[in-house]
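What follows is a single structure, written as structure tokens, with notes after it.
In listed order, ligands and their atoms are each counted from 1.
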Amino acid sequence: MGIEEQGGQKTAGTSTIAPATGKLGVMVVGLGAVATTMIAGVEAVRLGLAKPIGSLTQMGTIRLGKRTDNNTPRIKDFVPLADLNSIVFTGWDIFEDNVYESAAHAKVLDEKSLLQLKPYLETIKPLPAVFDQYYVKRLHGTHVKTGKNKRDLADQVRADIQAFKKTVDRVVMIWAASTEIFLEPTAVHQTIEAFEKGLDDSDIGIPPSQIYAYAALVEGVPFANGAPNLTVDVPAMVELSKRNAAPICGKDFKTGQTFMKTILAPALKARMLGVSGWFSTNILGNRDGEVLDDPQSFKTKEESKLGSLDFIFQPELYPDLYKDIFHKIRINYYPPRGDDKEAWDNIDIFGWLGYPMQIKVNFLCRDSILAAPVALDLVLLLDLAKRTPSLRSLGIQEWLSFYLKSPQTAPGLYPEHDLFIQSMKLKNTLRHIMGEGLITHLGLEYYD
Ligand SMILES: NC(=O)c1ccc[n+]([C@@H]2O[C@H](COP(=O)([O-])OP(=O)(O)OC[C@H]3O[C@@H](n4cnc5c(N)ncnc54)[C@H](O)[C@@H]3O)[C@@H](O)[C@H]2O)c1
């Protein structure tokens, strides 16, 4: 009991969270559409040219105490987050283009805005990448590292991290590179020892994303995964994350269609309305769309997108409503639209006495405009987690599921996909680490 609706006394001491002093180094794997839109956006905000719209950490507030207390600070004033002015970006890509050139190629931001940011953006030049076309069929990398085995490549990434660490105070890594082919965990992913032997043997089960992630975690650097790749979703990486106090979270930025799904599906379920079919299709013309045109990369994305409905609807608990949902997802590469994705959902639902109805959703979105603030928030919150003693050695930061299509959880736990449960979990985690009471929305005390 406690504050309103709330679950408890003040919970933890704030004094133990290390302050966000000095520079936060952000190492971005893949300087494509999402990454350059994030970097350009941060610079635009720093120069006072734009507002950080879509970023919960920058624009969001958090209520503390009772509704009658009128205490709703901004999240960035409540928790000790790194200031945008303290961020230093670097990254890797398989092409040599600097961030200005890559952003111009991605055509997400208009020429006029990009020109204003050009002096800064062209200073960020990619380091040579770890790349193997076996894992991303549609790309031909030219700016790549070579090494005698995967261990050698991991050591080179570690050397990049160590060099960058000398110039900043803290480091976070985020994968904003392409979607790799679908991979399932094998023996090489089960323990740290097996994984390290796999690096020596250049095991085929270890894709580039795992080489970067391994390097980050060994260096104690938090790692976020914006793509649906397997990467840290295996026991060896979870163990490494805990051992080195390097937080990880789920995967695949939750931005367009799945964002809508995880809003609508909980609403239908809350009212016990049935669903017989959910057909989702997309047209997309950027490089991500081109990569996803390869069936093996599409399979990775499809698995990530399919998961949410099953977990939200819990058909085993509600067989009359959700047992036989026909759920289909398509992504079609359609170059004329570039980054401006269009998504359609047709949802066949049924109500009282089984009478059928339909819902149509047509989301004309901008993929990277939606993803950039998500990427920024993940970076800032992982840095916070790393500075927070009660979070940093947990490994998986489930409270960051809010941002991801495929939340990662402790073994045996089902993931929470409902956006509003995720939002509550995130905010309660912030209240918890700052020693504030948790809010449960019970609220009976107002009527005593
Ligand atoms: N935009 C969204 O709404 C959204 C949502 C969820 C997930 N994602 C994922 O985010 C990722 C980035 O999307 P994008 O639109 O920026 O794609 P993009 O193709 O524009 O950028 C990806 C970049 O990664 C580079 N790259 C590929 N493999 C690499 C490697 N091994 N090392 C270093 N660089 C490498 C490519 O050269 C490219 O520049 C994709 O995996 C995409 O599926 C995007």
Every pair of nitrogen or oxygen atoms between ligand 1 and the protein that is under 3.5 angstrom apart - can you list them with their distances to 0.1 Å?
residue  : atom   : partner : partner atom : Å
ligand 1 : 1 (N)  : D367    : O            : 3.3
ligand 1 : 3 (O)  : T255    : OG1          : 2.8
ligand 1 : 3 (O)  : D367    : O            : 3.1
ligand 1 : 3 (O)  : D367    : OD1          : 3.2
ligand 1 : 16 (O) : A33     : N            : 3.1
ligand 1 : 16 (O) : V34     : N            : 2.7
ligand 1 : 20 (O) : A33     : N            : 2.9
ligand 1 : 31 (N) : V130    : O            : 2.8
ligand 1 : 32 (N) : Y212    : OH           : 2.9
ligand 1 : 37 (O) : D93     : OD1          : 2.7
ligand 1 : 39 (O) : D93     : OD1          : 3.4
ligand 1 : 39 (O) : D93     : OD2          : 2.7
ligand 1 : 39 (O) : R287    : NH1          : 3.2
ligand 1 : 41 (O) : A177    : O            : 2.7
ligand 1 : 41 (O) : T179    : N            : 3.3
ligand 1 : 41 (O) : T179    : OG1          : 3.1
ligand 1 : 43 (O) : T179    : OG1          : 3.0
ligand 1 : 43 (O) : D288    : OD1          : 3.0
ligand 1 : 43 (O) : D288    : OD2          : 3.3
ligand 1 : 43 (O) : K301    : NZ           : 3.1

Residues which pass side-chain hydrogen bond (donor to acceptor under 3.5 Å, both in side chains) with D132, listed by chain and number, not counting sequence neighbours: none

K118: partners by side-chain hydrogen bond (donor to acceptor under 3.5 Å, both in side chains), with sequence neighbours left out: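 For K118, no residue satisfies side-chain hydrogen bond (donor to acceptor under 3.5 Å, both in side chains) once neighbours in sequence are set aside.
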
Pairs involving residues 162-185, ordered by first then second residue, that meet ring pair (Phe, Tyr, Trp, His ring centres under 6.0 Å) (sequence neighbours left out): W175-Y212

CA sep, side-chain torsions, deciding dist, call: K137, D294, salt bridge (charged side-chain N to carboxylate O under 4.0 Å, His left out): CA-CA 7 Å; K137 308 283 186 213; D294 169 60; over 6 Å; no

Cation-pi check, R330 onto F279 ring (under 6.0 Å, within 45° of axis): no

Nearest-0.5 Å distance, OG1 of residue T262 to CZ of residue F402: 9.0 Å

